[in-house]
Amino acid sequence: MLPRGCWLGGQLMSSMVVRKPAHEFLDELEVPYDDKGDYVVVKHAALFTSSVLRKTLIAPNVKLFNAVAVEDLLVKQEGDKVGVRGVVTNWSLVTQNHDTQSCMDPQVMEAKVVVTATGHDGSMGASSAKRLESLGALPAGLPGMGTLDMNTAQDAVVQMTSEVVPGLIFAGMEVSEARGCNRMGPTFGAMLLSGQKAANLAVQILNRQG
């Protein structure tokens with residue numbers, strides 16, 4: 001999972017702050033940093049992001065889709081029970097022009113497990129949380145993100161990264177919208193740890209499904 005602010009450190013600046021122990025992930029990627037005690041500073045955030053992309057894309061079982069937007073969740077609903085079975089996608093330019101064009105048919109990607117990390121609320125943020133709310137799978141009136149408290153937020157986001165409905169894992173700041181965690185601000189330790197936890201949960205779900 002790559003937080004949107006990682007390219008520019010969240011503030012259109014070059015460096016990024018990563019709270020420990022997420023620096024161990026940087027060590028694995030061989031990304032240099034300056035140790036500041038409780039946290040480290042990566043001099044060039046784009047170096048971290050490009051290192052993650054390289055590590056991911058050289059894996060034999062990874063497919064990158066360019067300019068593709070997830071428009072909706074593919075769900076199986078039985079009464080008040082909702083399970084996610086994949087996503088509905090479209091070309092990004094098509095998604096951005098639904099109000100001006102017609103006959104923009106989407107594509108479907110079926111999946112045994114989906115990790116959603118669409119960030120906190122905004123024009124395109126927390127989209128999976130909002131969709132589950134509309135389906136009645138999350139309580140009406142999402143608690144939304146709390147006030148900024150970096151230390152509290154980082155611990156809570158990692159702790160509450162979980163499978164919210166069968167087949168769908170919430171990670172990153174989208175957790176805050178669904179669970180009411182505090183806002184984190186431009187620090188990325190919990191983002192990285194949340195992503196790692198989500199990956200481990202996905203493996204557990206796949207093993208459970210056989």
Flag the pair [X] / [Y] as yes when at least one side-chain heavy-atom distance between them is below 4.5 Å, and no otherwise.
X      : Y      : value
Ile205 : Ile169 : yes
Val164 : Arg179 : yes
Thr147 : Asn182 : yes
Gln196 : Thr161 : no
Glu110 : Arg85  : no
Pro32  : Leu47  : yes
Met191 : Met173 : yes
Lys20  : Val40  : yes

What's the spacing between [X] [atom1] and [Y] [atom2] if we round to 0.5 Å?
X      : Y      : atom1 : atom2 : result
Glu177 : Leu142 : CD    : CG    : 7.5 Å
Leu192 : Gln154 : CG    : CD    : 9.5 Å
Leu132 : Phe170 : CG    : CZ    : 5.0 Å
Lys197 : Gln159 : NZ    : CD    : 7.0 Å
His44  : Ser50  : NE2   : OG    : 11.0 Å
His23  : Tyr33  : NE2   : OH    : 4.5 Å

Specify the closest pair of heavy atoms between [X] and [Y], including all atoms of both residues, with the distance to one decimal.
X      : Y      : answer
Ala198 : Ala171 : CB-CB, 3.9 Å
Leu201 : Ser162 : CD1-CA, 3.8 Å
Ala178 : Leu138 : CB-CD1, 4.3 Å

What do you reckon, is [atom1] of [X] surrounded by more than 12 foreign heavy atoms closer than 6.0 Å?
X      : atom1 : answer
Gln209 : CD    : yes
Asp38  : CG    : no
Gln107 : CD    : no

Answer yes if [X] and [Y] sit in the same cluster of Ile, Leu, Val, Met, Phe, Trp and Tyr residues linked by side chain heavy atoms under 4.5 Å apart, and no otherwise.
X      : Y      : result
Leu193 : Leu26  : no
Leu168 : Val88  : no
Val157 : Phe25  : yes
Val75  : Val165 : yes
Val87  : Val108 : no

Please tabulate, one pair per line, all N/O donor-acceptor pairs under 3.5 Å involving side-chain atoms of residues 53-74, not counting sequence neighbours.
unit_1: Thr56; atom_1: OG1; unit_2: Val52; atom_2: O; d: 2.8
unit_1: Glu71; atom_1: OE1; unit_2: His98; atom_2: NE2; d: 3.4
unit_1: Glu71; atom_1: OE2; unit_2: Thr95; atom_2: OG1; d: 2.8
unit_1: Glu71; atom_1: OE2; unit_2: His98; atom_2: NE2; d: 2.5
unit_1: Asp72; atom_1: OD1; unit_2: Arg131; atom_2: NE; d: 2.7
unit_1: Asp72; atom_1: OD2; unit_2: Arg131; atom_2: NE; d: 3.4
unit_1: Asp72; atom_1: OD2; unit_2: Arg131; atom_2: NH2; d: 3.3

Ser176 side chain to Cys181 main-chain N or O, any donor-acceptor pair under 3.5 Å? no
Between Ser128 and Thr118, does any side-chain donor sit less than 3.5 Å from a side-chain acceptor? no
As a quick check of understanding, evaluate side chain to side chain contact (heavy atoms under 4.5 Å, CB included) for Val113 and Glu163, giving each step before the final call. CA-CA 9 Å; Val113 59; Glu163 184 182 20; 5.9 Å; no
